[in-house]
Amino acid sequence: MKPLFIRSVALALTLTTASTWANAPKQHFQAPGFYRLALGDFEVTALNDGTLDLAPKQLLTNVSQALVSEKLEQAFLDDEYPASVNAYLINTGEKLVLIDTGTGSSGIFSPALGMVISNLKSAGYAPEQVDEIYFTHLHPDHVGGLITDTGMAFPNAIIRADKREIDYWTSDEMASEAFAGHRPFFEFAKTSLASYLENGRVKPFQGETILLPGIKSVPATGHTHGHTTYSITSEDKELLIWGDVTHVGAVQFSHPEVTIVFDTDSTQAAKARESVFAEVAKQHTLVAAAHQPFPGLGFLREAGNGYEFVAFPYGGE
Ligand SMILES: [Zn+2]
C-alpha cells in the first residue's frame, strides 16, 4: 500500500485544478498581544497596546543624523519603523496591578494602538479586576488607556503616580510655559485623569515608595519631571519596569547620551538613562521596556562604551 501522504497528494491532484485554489485573503492581524512570565510568586503579563511609527532621525536629539542612520541600518530598521507600546500587569496573588495603560481609543498617535484592554481580556482578566494602576509617566501612550468612549476603563482601580508628575501635567501654568510641541499632552493627561480625580481615586506618592509588598517606585526623572520606574520583587526574582528610559533601543543602548524631543529635561533624562543602564547591567536585572519590541523584556550587558539589549528567551521563566 502507498504511504498515506502520497495517496493524499495523488487524490488532491486529481481533484484540484488551478481555478479551484482557495485564494485565501491575507489576514494581517497578529495573535493577541500578551506574554506571561512567572516572577517568583508573582505572575507578570506583558500587554501590547499596538505599535507606533517612529522616525528617529526626526525625533532624536544630541546625536548626528549619520550615527542614527548607521545604528538603524545595523539593527535592520528603516528610517521609520513600528515601535511597540507595552504595558505590564502584575498579579501579586492579592492585588492586580497594571503599570501604564497604553494609548486608549483616542487614536492620538495611530489607529494601530489602543489594544491594552482587549489584550488584558485575552489574557484572562477583566478591567474591573484591576485594583491599582501605577504610571511611569503621564504621556498619552501611557495614560490614554484610562478612559474609554463611555467613561472609566478601570472602574475599581486607584491611580498612583509621582506627585511631581500629576502636578505638572494638570497645571495650566506649566502648560502655558511648555514647549509648544508638548502642550497637547497636558490636555490629554487632564482628560484621561479627570473622572478618577473627581472620584477621589488618584493617590500620588513622592519619590521612592513601597506601594505594595514587592512593588517599589524608583524615580528616574528627566524624560518627565516625575518619570518613575517600578521594581517588582518576589522571592529572589526582580523585574524593573522602566517606562521610557529608552525610546529607540537601536541607538540609545550603545549611546545612552542620545535624547528625544519628548523629553521634558533631556540632560537629566540622559543622566537617568545612564544610571539605570549601569545598575541593571551590574545587577543582571530583568527589565521591561515600554518601547522595546513586544514583550519588551530583556537584560542589558556592557558592550564597548555602552550597552546592548539581550531579549528574554521566549518561554523562559
Ligand atoms: Zn512612551
Side-chain angles (χ1 to χ4, degrees), residues 33 46-56 58-61 80-89 98-116 119 133-146 159 161-162 164-166 168-169 178-179 181-189 191-193 217-230 240-253 256 258-266 268-270 272-273 276-277 287-298 309:
L47 300 172
N48 187 15
D49 192 49
T51 57
L52 161 70
D53 285 340
L54 268 192
Q58 290 156 38
L59 299 174
L60 293 179
T61 49
E80 186 167 309
Y81 67 90
S84 292
V85 175
N86 306 321
Y88 297 91
L89 189 70
L98 179 61
I99 299 191
D100 290 340
T101 60
T103 310
S105 55
S106 64
I108 184 169
F109 289 130
S110 156
L113 288 164
M115 298 193 295
V116 160
N119 283 325
I133 298 172
Y134 304 159
F135 284 108
T136 59
H137 62 302
L138 299 178
H139 277 165
D141 51 323
H142 300 259
V143 75
L146 267 186
I159 309 302
D162 192 289
R164 287 171 294 182
E165 191 68 7
I166 294 171
Y168 182 78
W169 294 109
F179 167 59
H182 293 177
R183 264 179 226 147
F185 298 166
F186 287 83
E187 204 50 48
F188 196 97
T191 305
S192 304
L193 287 170
S217 63
V218 184
T221 310
H223 177 54
T224 60
H225 290 314
H227 186 269
T228 299
T229 65
Y230 293 91
L240 185 75
I241 297 179
W242 80 16
D244 285 13
V245 164
T246 53
H247 294 86
V248 182
V251 179
Q252 290 172 304
F253 287 122
V258 176
T259 48
I260 195 162
V261 292
F262 305 124
D263 291 333
T264 309
D265 178 344
S266 57
Q268 194 54 44
R273 179 163 38 256
V276 172
F277 281 6
V287 301
H291 300 304
Q292 275 297 97
F294 181 77
L297 297 163
F309 185 80

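Basis for what follows: all heavy atoms, side chains included, without hydrogens, waters or symmetry-related copies. Start at 1 and go down the list; that is how both ligands and their atoms are numbered.
The atom of Asp141 that is an N, O or S and sits closest to the Zn ion (ligand 1) is OD2. Among heteroatoms of the N, O or S kind in Asp244, OD2 lies nearest the Zn ion (ligand 1).
For the side chain to side chain donor-acceptor pair (under 3.5 Å) criterion with Asp263, the lone passing option out of Gln268, His223, His247 is His223. Each of Asp100, Asp162, Asp244 was scored for a side chain to side chain donor-acceptor pair (under 3.5 Å) with His137, with one residue passing: Asp244.
Coordination check, His247 versus the Zn ion (ligand 1): failed, since every N/O/S atom of the residue sits at 2.8 Å or beyond. Residue His142 counts as close to the Zn ion (ligand 1), with an N, O or S atom under 2.8 Å.
Defined by atom type and a distance below 3.5 Å, a donor-acceptor pair is present between the side-chain atoms of Thr61 and Thr259. Counted by atom type alone, Gln292 and Thr246 present zero donor-acceptor pairs between their side chains at under 3.5 Å.
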